[in-house]
Structure formats: structure tokens, C-alpha cells
There are 2 protein chains.
Amino acid sequence: MDDLAATNGTGSTSAANGTRGADGTQVEAPAAPPAAPPAESRGSRAQPKTDKSEQTRALILETAMRLFQERGYDKTTMRAIAAEAGVSVGNAYYYFSSKEFLIQGFYDRMTYEHAADARRRLAGTKDFTERLEIAVSSWLDCAAPYHEFAAQFFRTAADPNSALSPFSNESHPARATAVELFREVLTGSELAPKLDAELAELLPDLLWLNLMIVVLYWVFDRTPDTERTREYVRRSTPMVARIINLSRYRVFRPIVRDAKGLIQDFILPTIGKTAAK
Amino acid sequence: MDDLAATNGTGSTSAANGTRGADGTQVEAPAAPPAAPPAESRGSRAQPKTDKSEQTRALILETAMRLFQERGYDKTTMRAIAAEAGVSVGNAYYYFSSKEFLIQGFYDRMTYEHAADARRRLAGTKDFTERLEIAVSSWLDCAAPYHEFAAQFFRTAADPNSALSPFSNESHPARATAVELFREVLTGSELAPKLDAELAELLPDLLWLNLMIVVLYWVFDRTPDTERTREYVRRSTPMVARIINLSRYRVFRPIVRDAKGLIQDFILPTIGKTAAK
DNA sequence: CCATGCTTTTGAACGCGTTCGAAATAAGCG
DNA sequence: CGCTTATTTCGAACGCGTTCAAAAGCATGG
């Protein structure tokens, strides 16, 4: 029960540590047009002044992420992280005000890798259903190595008191990155021009919500290689696409209008979109 | 911030200790047709043998629940519970294998009170939309005193590794109680006979899922008296009812059929319904 | 009456996340 | 260079959930 990472089924973006510079800052982005790097600044204690301090911070984060993957979240103690990184516990807390904030960095990176991987795989595909499935499947691939550990992350995300929750934390950079990806999923398809402009404006956020549901499913999925979740995505994606498509027809107008209002007034404001009324 | 219970709208089963037999088993059920009592047996360490042991167990649970309400979950330490109950920490762990299992009892009781309160308020109402809103609003009322504390519970529920999660724990008694309530919400309305039998079979679980969404919203709601959630319920309930109603019409047949399949194959099995295929 | 085997109870001890005052180091300044 | 101030590093210590070996109670039966 030591080498959990071995269950990773996907060949893509396999090296977890390789694509990272010695100073810990992102140096990859081989083919990712927009999308800013994680900018792992929030959640820290104080913005680092010197170079060396930035290095220490990065070192601690790298070490933590490596140990999380190797041993899981609970079994990775702050003392172990500090020891492995060659610093004191107090020093770790100087840069990360709690163990949870280390997850933040983890999640940010994964989201960024997901966006990059998805964009790579989306190139050339025009069909909306296919594009949506690619985007979601790409997430499953990128998240696969962290499945066990992700349960802990999800637990944290479900805590409204936590600053990490993608629901409550409005300026969560990872959320913005993911929503932007889904915007591209939509605009890059031949479905986009046919849709009501107002609805099209909401869709990226809704598709992100759809991803969150998949994530929920995935977290609870215990089948090998989360095969069941993959099946669920194969099955549910065409339905999601169909519902969106049907929204254009007359009969569905009133219900779509109501749903739009409900989402605009009650859902989006809650997840960060500040009254795009 | 001491008397949270004062905001509780329902006058039902007010005394925390009163309606409990000397042997600790439930003896209330003044007017609740089906619905088994919480049966706070699971999650314990070993089934108690003697009378005195059952008393000790009940005393610890009562004390814990009282302190949770008074101080919140995190600030209520196991040592404090033990001290307040007049036992040792080790003894508390003899009856409850972890602090989480104390929540179980808490949640079970709340669910039971909700079912009772909702049934009382449902009497005489036939309109499905109204009935659904009553059931959900009743939950909000019953849960109101525990809003702050509930965040912690939700966090626990979102952990797939926890035995408490209503999602992963198939035989969660609270879930069965709640689903049964929604079955009555449906069957007691004049909408029920008009629906497709197969769909009607799924609906109680789906309405419970709908409640879970409301709970999610509620947990994150920071407005006073969770007024925003109440508004959300007022707004979303008619829409849910309308969608169910529309499912009868021809145009919606194919999409409803697909959704039904998806739910049967992927959703219900995950939340405990063992392949009602 | 003691011996035996069970359930119940105890509280010291462990490992954890986290805090905090103080030491070490670096940076500005006359 | 010394002095002062800010930044960074340290590690002992605190309070927590949890564990465990041992003690205490308690029934049974010889």
C-alpha cells in the first residue's frame, strides 16, 4: 500500500515532477495559448520578498505534493514534509498557514495541466458532444494519479469555512481556468452560433458545474481505474449535449427561460460570478 | 450564542432527554405512521449488554449533542464531552469508535424529527408543488438550529472514506427515512396517478437528491436565517414540479427515457439502491 | 469464600496539526 | 563598520483525537 501512483492508467502527462524547473516555477506550457500559470501566490502567509524565500516556499510545496502522491494526504505529516524538505515545521507554517493550503497548490497545478491536456486533445474536433466528452475525460486522465488523495481534497472543498472551496472562494484561479476551458469547448464547436446568446453566456459555468458532478461521482467511484465514472461520462455527455441542443426549440422555451433565471439569480452568484445579471 | 435551539420553528420533540426510555431505546412516535425510529445502533463499538451500559451510551450521546449545539463541532472536544458526562475519554471511545460517529446519532435524530414535522404539515395539502415545498422547508426549519454545526457534518458526509456519508453508506437509516417521506409527498398528491409508473418509482430518490442539493446550497448560505436558501426553494420547487409534470407529454418522452436509464444505471446504484433494474 | 471470565472504565501516552517566542539571518542606513 | 529593523528559521510546547494495557466491576459456579 505504498505505491499508489502505480495505478495510474493514462500515459499522458505521466511524469508528475519532470516538467518543473529547479526553482519550482512553471516552465512547461508547450502548447497552451491563453491560460495563465497557476500563480501559486494566494493562500500563503506573506508574499515572499527575496529570491531565497521564494525558493524555500517552492521547495516545501514540491516536497509536500510529492509526499501526498506517494503516501496519501493523511499519512503525510507536516513534520515529514518539513524533514524531507530539510526545513523546520515552523518554517513550513511560515509559508503555508495550514496543511490545507498545500492542497491548493496541488489542485491549481492539476487544473492547469488539465486545461493544457484538454486543449491539445480538442484540436481538430468540431462536434460539441465529442468536445465536451474530451474535456471531461481529459480531467479524469489528469486526475487519475491522485484519485485516492483526491477524496481528502474533496472533503476540504465541501467545507464552506475553508478558503479552498471552489464554490465559496470567488477568486479561485483554478475555477476560472476550468470555466475558460469550457468556454472554448463551446465556442470551438459548430453548435455555438445556433444558441441563444444569453444561454451561451451561462453555459461555460454550467458545464463546469457538470464537471463538478462528474468529480463528485469520481470521488466516490471505487471501480478499478474509475471505469464506472468513464462510462458515466460516455453516457451522460450526449444527454447534456442533447438538452442544450433542444433548448433551441419552441416547446422548451418557457422552461429554459425559467431555468436561466434561477441559475442567474441563485446559482452563479453563489459560485463566484458576481451578478452578471 | 448559547440558545440556538430557540430559533427552531417546530415545537416538536423539544426535550432532548425527556422522550427517552430509561434503557435508552426510543419510545416516542406520537403520530408518525411508518418511519422507523433512528435506531442508533450502528456505528457503536459493541452492542451493549447491560442496562447501565445502555444508559452510559445514551448519556454520552446526549451530552455530545448538547455541546455540539452550544459550542459547535470543532470546539467541542472529546475530553469536554467525557468530562461533562462524568466519564473518561476512553469510555466515550468504548461506545463511539470516533468523534464522527457521534454526528451519526445527531443526523439520525434530525432526520427523524424532520420526517415527523413534515408529515404534520403535509396533512390536508394535495397539490404536489406545495407538498414538495413543505417537505423541503420543513427540513430547513428542523435544521436551522444546527446550521453552523452542519457545515462540519457536511464536510464529513462528503468524505467517501467515512462510514457516515449518506451517499456511500448504503444502509444509512436516515436516508431511507427521508426517501420514504418523499414517497409520501408524491403519493399524497393528485399528480401521482397521472405519472408513468416507472418514473414514479424513481422519483422519491430523485426528490431526496433534490433535497441534497438544497442542503448543499444551505450549507454554503451565509445570509441571516438562511433566507436565501428559502428563496431558492420557493423558486426552484415549482420548476422541479413542472419538469416532472412535463415529463408526461410526448415531446419529452425520449429525453425522459434516456434520463431514466442514466439514473437507474448510474445514480441510484451509487446511493444505495441495489440495482432496482 | 475465592476463582474465572466477561463487560465496562480508566487515564497515561502517542502522534498529529498548529502556535509562538525567540534566535538567526538579511537588509537598510549613518 | 556598527546599529536598527524586517524577514526568515527554528523547535519546544499546546491541545487535540485516538489508542491501549491495565484496573475495576460484576456475574457465575464451584
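A, B, ... follow the sequence lines: proteins, then strands. Residue 1 opens every chain. From a predicted model like this one, the values you see are computed outputs, not experimental measurements.
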Given atom [atom1] of [X] and atom [atom2] of [N], what is their separation to the nearest angstrom?
{"X": "Y93(B)", "N": "dT7(C)", "atom1": "OH", "atom2": "C1'", "result": "21 Å"}
{"X": "Q55(A)", "N": "dT9(D)", "atom1": "CD", "atom2": "C1'", "result": "16 Å"}
{"X": "D74(B)", "N": "dG17(C)", "atom1": "CG", "atom2": "C1'", "result": "12 Å"}
{"X": "F96(B)", "N": "dT19(D)", "atom1": "CZ", "atom2": "P", "result": "15 Å"}
{"X": "F101(A)", "N": "dT19(C)", "atom1": "CZ", "atom2": "P", "result": "11 Å"}
{"X": "K99(A)", "N": "dT19(C)", "atom1": "NZ", "atom2": "P", "result": "14 Å"}
{"X": "E54(A)", "N": "dA26(C)", "atom1": "CD", "atom2": "P", "result": "17 Å"}
{"X": "E100(A)", "N": "dC16(C)", "atom1": "CD", "atom2": "P", "result": "18 Å"}

Item to check | Side-chain heavy atoms of W208(B) within contact of L181(B), under 4.5 Å | outcome: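 No, side chains not in contact.
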
Checklist entry - Below 4.5 Å, heavy atoms only, C-beta onward: do Q55(B) and L59(B) meet side chain to side chain? => result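 No - every pair of side-chain heavy atoms lies 4.5 Å or more apart.
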
Item to check | Axis-to-axis angle between the two ends of the helix from dC1(C)-dG30(D) to dG30(C)-dC1(D) (five base pairs per end, rounded to 10 degrees) | outcome: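 Computed angle between terminal axes is 30°.
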
Checklist entry - Step by step, would you call D205(A) with I267(A) a side chain to side chain contact (heavy atoms under 4.5 Å, CB included)? => result CA-CA 10 Å; D205(A) 282 290; I267(A) 310 293; over 6 Å; no

Please pick, from [options], the nucleotide with the shortest atom-to-atom distance to any side-chain atom of [X].
{"X": "V89(A)", "options": "dC16(C), dT18(C), dT9(D)", "value": "dT18(C)"}
{"X": "Y95(A)", "options": "dG17(D), dG17(C), dT8(D)", "value": "dT8(D)"}
{"X": "S53(B)", "options": "dT19(C), dT8(C), dG17(D)", "value": "dT8(C)"}

Establish, with yes or no, whether the OP1 or OP2 oxygen of [N] is under 4.0 angstrom from a side-chain nitrogen or oxygen of [X].
{"X": "Y94(A)", "N": "dT9(D)", "value": "no"}
{"X": "K52(A)", "N": "dT9(D)", "value": "yes"}
{"X": "K75(B)", "N": "dG15(D)", "value": "no"}
{"X": "T56(B)", "N": "dT8(C)", "value": "no"}

For [X], what residues pass the side-chain contact (heavy atoms from CB on, under 4.5 Å) criterion, not counting sequence neighbours?
{"X": "M65(B)", "value": "L61(B), F106(B), R109(B)"}
{"X": "A92(A)", "value": "I60(A), M78(A)"}
{"X": "L207(A)", "value": "F128(A), L132(A), F182(A), V240(A), I244(A)"}

Checklist entry - Which residue pairs satisfy the side chain to side chain donor-acceptor pair (under 3.5 Å) criterion with at least one member in residues 212-224 of chain A, sequence neighbours excluded? => result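 Qualifying pairs: Y217(A)-R228(A), Y217(A)-T270(B), D221(A)-T223(A), D221(A)-T229(A), R222(A)-N161(B).
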
Checklist entry - Under the side chain to side chain donor-acceptor pair (under 3.5 Å) rule, what pairs show up with a residue in residues 81-91 of chain A, not counting sequence neighbours? => result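 Qualifying pairs: R66(A)-E84(A).
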
Item to check | Selection residues 86-107 of chain A - residue pairs positive for salt bridge (Lys or Arg N to Asp or Glu O under 4.0 Å), sequence neighbours left out | outcome: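 Only E100(A)-R155(B) qualify under salt bridge (Lys or Arg N to Asp or Glu O under 4.0 Å).
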
Item to check | Nearest-nucleotide 5' precedence on DNA chain C, N91(B) against T76(A) | outcome: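 The 5'-side residue here is N91(B).
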
Checklist entry - Quick one: ring pair (Phe, Tyr, Trp, His ring centres under 6.0 Å) partners of F220(B), sequence neighbours excluded? => result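 By the ring pair (Phe, Tyr, Trp, His ring centres under 6.0 Å) rule, F220(B) matches F167(A).
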
Checklist entry - Taking DNA chain C as the partner, which of residues 78-88 of chain B come within under 4.0 angstrom of it by heavy atom? => result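 DNA chain C contact set from residues 78-88 of chain B: R79(B), V87(B), S88(B).
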
